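Notes for the one structure printed next.
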Amino acid sequence: MEKLYFKDKIAIICGGSKGMGEETSKLIVKMGGSVLIIARDMEVLKTVAEELNQLKVIESQFVEFFSCDTTDMVKLKPLIKDFINNHRVPDYLLNLVGYAYPQYIEKLTLDDFKRNMDVNYYGQLVPILTLLPYFMKEKRGFIANTSSMMGYFGMMSYATYCPSKFAIVGLTEALRHELKPFNIGFSILYPPDTDTPGMAKENETKPEECKILSETVKLLSAEEVAKVFIKGIRKKKYNILPGEAKMVWLLYRYLPRLVRWFMDGDYKKARKRLGK
Ligand SMILES: NC(=O)C1=CN([C@@H]2O[C@H](COP(=O)(O)OP(=O)(O)OC[C@H]3O[C@@H](n4cnc5c(N)ncnc54)[C@H](OP(=O)(O)O)[C@@H]3O)[C@@H](O)[C@H]2O)C=CC1
Ligand SMILES: CCCCCCCCCCCCCCCC(=O)[C@@H](N)CO
């Protein structure tokens, strides 16, 4: 990795206080960049900011944070405006806000669907809508959104999650095209299962069948994903596919029926194992 790739660059990282967002923030600071971290929990933000401050390598670097739910446009807008007035229009917006609530369909309510869409889709859309006017005015900027392997194929128990991650792909597709003349770049990150606080929470409700099926794909560390993410952003790669997400992507793209056949067989076996 080029040592000071992010020198004199500013990145806003939504969801940068934990998991993949935290590791991505660390890498950017280590590579000379300044960051603004946005998440809800103030205590966690303070702790991470302290750690990030220790990682700075250049005098001019800064680490800022504020607490905001990124689905709340009314609150986010003035915060971003102040930030830009104090510094300048940032170079990157990285969206990592999102959560999974794996559950059997018969246990899911309409509210579960709405909440997951609200956080995972609108929670990434609102920061985009907030920053786009600035990026468009300056004819520059780079936006990376976080989907999932569940953003290109589906699996049991992810009924509320999958649509929200497909939505991220659809949104990014439309914006990538429309904003090309404005010199604004886009990436989509599609992580496989990754060891994060979010994943630990997800495992509390995860049906056994889902756990068994998920074992097919190797669990990555948040740091491993962050490294691939940063590398992808540096290369301005549109689709960023860490670990085995890449192989499954290729398989599902070219041999979709094989993948579905495999998944269906595995699901059947898992159910049998569980006496269902
Ligand atoms: N871990 C995994 O296996 C996978 C995760 N993903 C996706 O990657 C992204 C990051 O995942 P992961 O690192 O596991 O997540 P974590 O739950 O570990 O971290 C999520 C981060 O987002 C913040 N956040 C969550 N909701 C909001 C909100 N409404 N407003 C502002 N900030 C918020 C959290 O802080 P706070 O709670 O304080 O607000 C935290 O900083 C998510 O979009 C997730 O769906 C995709 C594939 C696999
Ligand atoms: C021959 C073809 C083989 C294909 C095998 C496919 C096996 C399925 C693996 C399931 C991976 C689930 C990733 C979800 C990650 C995610 O988004 C959640 N952790 C939410 O945070």
Side-chain angles (χ1 to χ4, degrees), residues 13-25 37-48 65-72 75-76 94-102 115-116 118-124 126-127 144-158 160-162 164-165 168 188-203 205-206 209-226 229 240-245 247-252 254-267 270:
I13 301 141
C14 297
S17 69
K18 297 174 198 161
M20 295 179 234
E22 178 185 358
E23 294 305 322
T24 302
S25 306
I37 309 290
I38 305 174
R40 293 163 304 177
D41 190 321
M42 200 48 153
E43 291 313 306
V44 179
L45 279 167
K46 279 183 189 158
T47 313
V48 172
F65 58 90
F66 51 66
S67 165
C68 182
D69 185 322
T70 62
T71 63
D72 186 348
K75 186 169 174 193
L76 188 67
L94 310 186
N95 277 312
L96 290 113
V97 167
Y99 74 95
Y101 176 55
R115 214 172 301 128
N116 219 171
D118 195 35
V119 175
N120 291 11
Y121 178 60
Y122 296 104
Q124 297 196 24
V126 164
N145 299 325
T146 306
S147 180
S148 157
M149 280 179 73
M150 290 293 109
Y152 64 82
F153 80 114
M155 190 168 123
M156 65 87 55
S157 81
Y158 283 118
T160 66
Y161 179 76
C162 233
S164 72
K165 293 303 188 180
I168 289 296
I188 309 172
L189 176 68
Y190 303 84
D193 275 337
T194 306
D195 189 8
T196 66
M199 175 86 187
K201 204 143 176 261
E202 170 185 347
N203 281 337
T205 63
K206 196 174 271 178
E209 295 90 324
C210 181
K211 286 185 187 162
I212 295 171
L213 294 172
S214 298
E215 278 167 12
T216 321
V217 164
K218 190 173 171 265
L219 178 76
L220 295 185
S221 70
E223 201 189 347
E224 283 173 298
V225 174
F229 191 28
I240 304 176
L241 294 143
E244 289 170 349
M247 202 259 290
V248 179
W249 161 281
L250 289 171
L251 278 173
Y252 201 50
Y254 295 108
L255 301 166
R257 286 197 295 183
L258 173 78
V259 175
R260 286 197 294 265
W261 171 81
F262 177 89
M263 297 272 300
D264 294 354
D266 251 18
Y267 182 32

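Bear in mind the structure is a predicted one, so any value in this text is a computation, not a measurement. Atoms within a ligand are numbered from 1 in the order they appear, just like the ligands themselves.
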Heavy atom under 4.0 Å from ligand 2: found in [X]'s side chain, backbone, both, or neither?
X      : answer
Lys165 : neither
Tyr252 : neither
Tyr158 : side chain

Return the option from [options] holding the heavy atom at the smallest distance from [atom].
atom                    : options                      : value
atom 16 (C) of ligand 2 : Ser148, Ala100, Pro102       : Ser148
atom 46 (C) of ligand 1 : Tyr161, Tyr190, Tyr122       : Tyr161
atom 22 (O) of ligand 1 : Gly15, Ser67, Gly16          : Gly15
atom 48 (C) of ligand 1 : Ala39, Pro192, Ser148, Gly19 : Pro192
atom 3 (O) of ligand 1  : Thr194, Asn203, Val225       : Thr194
atom 42 (C) of ligand 1 : Ile37, Thr146, Ile38, Leu96  : Leu96

- Going through the distances and angles, do Asp69 and Lys75 end up as a side-chain contact (heavy atoms from CB on, under 4.5 Å)? CA-CA 8 Å; Asp69 185 322; Lys75 186 169 174 193; over 6 Å; no
Spatial distance of atom [atom1] ([X]) from atom [atom2] ([Y]) [nearest 0.5 Å]:
X      : Y      : atom1 : atom2 : result
Ser25  : Met20  : OG    : CE    : 12.5 Å
Ile188 : Leu241 : CD1   : CG    : 9.5 Å
Leu96  : Lys18  : CG    : NZ    : 13.0 Å
Ser157 : Tyr101 : OG    : OH    : 11.0 Å
Ser17  : Ile37  : OG    : CD1   : 8.0 Å

Give the residue, atom name and distance (to 0.1 Å) of the protein heavy atom nearest [atom].
atom                    : answer
atom 6 (C) of ligand 2  : Met263 SD, 3.5 Å
atom 33 (C) of ligand 1 : Val97 CG2, 3.6 Å
atom 38 (O) of ligand 1 : Asp41 N, 2.8 Å
atom 25 (C) of ligand 1 : Arg40 NH2, 3.4 Å
atom 1 (C) of ligand 2  : Phe262 CG, 3.8 Å
atom 12 (P) of ligand 1 : Thr196 OG1, 3.6 Å
atom 19 (O) of ligand 1 : Lys18 CB, 3.6 Å
atom 12 (C) of ligand 2 : Met150 CE, 3.9 Å
atom 30 (N) of ligand 1 : Thr70 N, 3.0 Å

- Message: Using a 4.0 Å cut-off to any heavy atom of Val217, which atoms of ligand 2 qualify?
- Response: 9 (C)
- May I ask you to decide if the ring planes of Tyr152 and Tyr190 are parallel, tilted or perpendicular, using 30° and 60° as cut-offs?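 It falls in the perpendicular class, over 60°.
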Ligand 2 and [X], any nitrogen or oxygen pair closer than 3.5 angstrom?
X      : value
Glu202 : yes
Thr216 : no
Asp193 : yes
Ser214 : no

When you measure from the side chain of [X] to the backbone of [Y], do you find a donor-acceptor pair of N or O atoms at a distance under 3.5 Å?
X      : Y      : value
Glu202 : Tyr99  : no
Thr71  : Gly123 : no
Thr194 : Pro192 : yes
Thr146 : Asn95  : yes
Glu23  : Val225 : no

Side chain, backbone, both or neither: which part of [X] comes within less than 4.0 Å of ligand 1 when only heavy atoms are counted?
X      : value
Glu22  : neither
Ala222 : neither
Ala100 : neither

- More than 12 heavy atoms of other groups within 6.0 Å of Lys211 NZ: yes
- Taking atom OH of Tyr122 as the centre, does the number of heavy atoms from other residues, nucleotides or ligands within less than 6.0 Å exceed 12?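 At most 12 heavy atoms, drawn from other residues, nucleotides or ligands, come within 6.0 Å of this atom.
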Report yes if [X] has an N/O atom closer than 3.5 Å to an N/O atom of ligand 1; otherwise report no.
X     : result
Thr71 : no
Met20 : yes
Asp69 : yes

- Message: With a cutoff of 4.0 Å, is Lys165 in contact with ligand 1, counting heavy atoms of the residue only?
- Response: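 Under 4.0 Å: yes for Lys165.
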Can you sort out which atoms of ligand 1 are near [X], meaning under 4.0 Å from one of its heavy atoms?
X      : answer
Asp193 : 3 (O)
Cys68  : 30 (N), 31 (C)
Ser17  : 35 (O), 40 (C), 41 (O)
Gly198 : 16 (P), 17 (O), 18 (O)

Between [X] and [Y], what is the shortest heavy-atom contact and its length?
X      : Y      : answer
Ser214 : Met155 : OG-CE, 3.5 Å
Phe229 : Ile240 : O-CD1, 3.8 Å
Glu244 : Thr216 : OE1-O, 3.8 Å
Asp41  : Glu43  : OD1-N, 3.0 Å

- Item | Protein heavy atom under 4.0 Å of atom 5 (C) of ligand 1 |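 Yes, at least one protein heavy atom sits under 4.0 Å from atom 5 (C) of ligand 1.
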- Message: One pair to check against side-chain contact (heavy atoms from CB on, under 4.5 Å): Ile168 and Asn120. What are the steps and the verdict?
- Response: CA-CA 8 Å; Ile168 289 296; Asn120 291 11; 5.7 Å; no
